[in-house]
Amino acid sequence: MVLQGQAGENAVVGRDAFDEILARLQERGYAVYGTVNEKGTGIFRPLGGAGELSLRCTGGTLPPKYLWYPPSETMFTYDRQSGALRSEIEPVKQAVFGIRPCDVHALLALDEVFLGGDYPDPYYRARREDLPLVVFNCVESGDTCFCSSMGTGPGLDHDYDLLITELDRPGRFLLEVGSGLGGELVRDLRAEVARDEDYQVKHRRLEDAAANARTTLETEDLPRLMSEGHGHPYWREISDKCFGCANCTSVCPTCYCADIFDETDFSLTETRRKRRWSWCFLMEFGAVHGGNFRERRIDRLRQFMQHKLNFSVGQYGRFHCVGCGRCIVWCPANIDIAQTGRTIRGDA
Amino acid sequence: MVKSEEDLRRGANPLSLRPVEILDVRRETPDVNTYTLRLVDGSRFRFRPGQFNMVSVIGIGESALSMSSDPEGTEALAEGVFQHTIRVVGNVTRALARLRAGDRFWIRGPYGNGWPLEQASGDLLIIAGGIGLAPLRPAIYRRLAGNPGRLEILYGARTPGDMPFRDEFPVWQEGGARLLLTADKADEGAEWPYRVGLVTALLDEVEVSPARGQVFICGPEGMMKSVVGALSKRGWPPEEIFVSLERRMECGQKTCGRCQIADVYVCQDGPVFSYAAVRDLLGVDL
């Protein structure tokens, strides 16, 4: 068969289709990022060729968040001679090839944070409005993945342009088209017709990935239980181990906290107002004149975890933990947010 | 930030700045100045009592600071002016303290919800500590301008010399406000015919009754906690007590994350909260 390029279409393709999709994204002017296995871990970086893509089921060391919410950005520039302000908001054309369902959910959470209010954040919007997503469903769980607990994976059924699920034979992939743009990326591609069996394989693989998750967290009633457990002795236990290094927040795909500050060049000609990531683990995060609202490390650690597993639900109606497990991997003290949730709720 | 039709049309960048010109700087106390300001584009700056601006001295930084003037006062209506009353506590406020009439700085705002003046239709008890009187001053003027209910103001500062707006106190009293003052300490020999001690000590003299009134409180968090505790003991229901909270803020847009207390964002959900809404949040270390 030949794909017509319509949303809702599906087919079975080989890995060579990835090259075509990548080429078409690049032809349309997108900088395409994907997960590449490098130095023993997966990282999101600009793709040279589709052959570099890692199919391994983890989202990599760092989430692709930096593509739509950069670690540091200039909001405007002030000319100290003329006194004029220049705002620097340029539309950005980026695409992600191989983003995982958990990271798509994290992106949707950030959409609510930055675009959901009365005044959408124009800097975020400039990176978000034209952002094709070619999603890889996860057919196996990583050691620290608990997306199936958080309802964010291992499969996705919305908000993708193209959705790719590896079938049981290597090199066979179920391709599902989720948007008009997704359609354009695969129009006229030669492919096999997807049969019921292919869908059965997809669903079985996703069910297996969920069932084999080695990390779990029951989320039923979790916000209430976390509130009730605010004084649980386990907080002391883990905060005694915590280095306060902010690794967890640095790799979190939903963390959005920021610092806004001014930077003047050495010639004193320009001042740039910048926004850069900040983390609730930093001592000065909650400091005001005359006091600090989270002076103790236990307060800061608890803020991070309570925000993910409790407060975010009150704020946005969804957990700002998507179960990607990166904070567990990168904690030098072996503090585990899923373990914490289980312990506080009494499931440990 | 209050959304206007015009903002919606032009898809305003909520983080962009507007320049203001300083028309006058008045020294209130050794470390507090009141700035009378006007937007450089000549338009009237509209806000509600209790709201705040993000105030920038570009090159130094930005601070969340409340407006201190009557938004509907004669000068506001005629000339579009407004005021900030600012205590020097950090880099930005120190930089502001160096500015003079004719100088400019930048603002964005207004942000936050403000005092629930429409709801406070009966008697009003205002309790302020230190620079906490500044965000309450717009509410005081609005009340004096048109509410028949009783207005009582309890105000405490470190020393008598740390009280801003002292020359306006007689105006407030003539307008019908009952004003009770206290200073944490007053130098011997200083002319201070009022109380010495914490603001909570004034509560016994309050005449406004919990049955038909509201309380607005702004001051250091420790002071607000003890005042709220004392009011609760005197029968004030938590729904009728309103506090303006201070938290670190960088954006005013619910995106920098700094001002969160549990699931509340002080910048937009507040800064004014009923005690009923934040009672459980203030008791624990959140």
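Below, read A as the first sequence line, B as the second, and so on, with proteins coming before strands; counting in each chain starts at 1. The model shown is predicted, which means the values in this text are computed figures rather than measured ones.
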Q) Can you name the closest pair of heavy atoms from B/V264 and A/Q315 and give their distance? A) N-NE2, 4.4 Å

Q) Just wondering, are more than 12 heavy atoms of other shown residues or ligands nearer than 6.0 Å to CZ in B/R44? A) yes

Q.
Rounded to the nearest 0.5 Å, what separates atom CD1 in B/I261 from atom CZ in A/R294?
A. 8.0 Å

Q.
Looking at A/D121, is its backbone amide N or carbonyl O close enough to the side chain of B/Q253 to form a donor-acceptor pair, meaning the two atoms are under 3.5 Å apart?
A. no

Q: Ignoring hydrogens and angles, tell me if any N or O in the side chain of B/R258 forms a donor-acceptor pair with the backbone of A/C257 under 3.5 Å.
A: no

**Q.** From A/Y119 atom OH to B/K254 atom NZ, the distance as rounded to the nearest 0.5 Å
**A.** 14.5 Å

**Q.** Residue part contacting chain B, namely of A/Y124, when any heavy atom lies under 4.5 Å
**A.** neither

Q) What part of A/F76 is in contact with chain B, defined as an atom under 4.5 angstrom from a non-hydrogen atom: side chain, backbone, both or neither? A) side chain

Q | Nearest heavy-atom neighbours spanning A/I260 and B/R108 | A | CD1-NH2, 4.4 Å

Q) Could B/R248 and A/F285 be counted as a cation-pi pair, given that NZ or CZ must be under 6.0 Å from the ring centre and within 45° of the axis? A) no

**Q.** Which portion of A/I298 sits near chain B, non-hydrogen atoms under 4.5 angstrom
**A.** neither

Q: Report, as yes or no, whether the 6.0 Å neighbourhood of atom NZ on B/K185 holds more than 12 heavy atoms from other residues, nucleotides or ligands.
A: no

**Q.** Point-to-point distance, once rounded to the nearest 0.5 Å, from OG of A/S87 to CG of B/L17
**A.** 9.5 Å

Q. If you round to the nearest 0.5 Å, how far is CG of A/L85 from OG of B/S16?
A. 8.5 Å

Q.
With a 4.5 angstrom heavy-atom cut-off, is it the side chain or the backbone of A/R272 that approaches chain B, or both, or neither?
A. neither

Q. How far apart are the closest heavy atoms of B/T255 and A/V113, and which atoms are they?
A. CG2-O, 3.6 Å

Q) Given that the side chain runs from C-beta out, which part of B/V92 has a heavy atom under 4.5 Å from chain A: side chain, backbone, both or neither? A) neither

Q | Donor-acceptor contact below 3.5 Å, side chain A/D262 vs main chain B/G59 | A | yes

Q: Answer with side chain, backbone, both or neither: which region of A/Y78 has an atom nearer than 4.5 Å to a non-hydrogen atom of chain B?
A: side chain

Q) By a 4.5 Å heavy-atom criterion (distance strictly below it), what part of A/D259 contacts chain B: side chain, backbone, both, or neither? A) both

Q | CZ-CG distance between A/R273 and B/L15, expressed to the nearest 0.5 angstrom | A | 9.5 Å

Q: With a 4.5 Å cut-off on heavy-atom pairs, point out which of B/G90, B/C259, B/G257 contacts chain A the most.
A: B/G257

Q | Stepwise salt bridge (charged side-chain N to carboxylate O under 4.0 Å, His left out) test for B/E250 and A/R275 | A | CA-CA 9 Å; B/E250 306 266 329; A/R275 173 165 71 183; over 6 Å; no

Q: Might you confirm whether atom CD of A/Q81 has over 12 heavy atoms from other residues, nucleotides or ligands at distances under 6.0 Å?
A: yes

(Q) Report which part of A/R300 has an atom under 4.5 Å of a heavy atom belonging to chain B: side chain, backbone, both, or neither. (A) neither

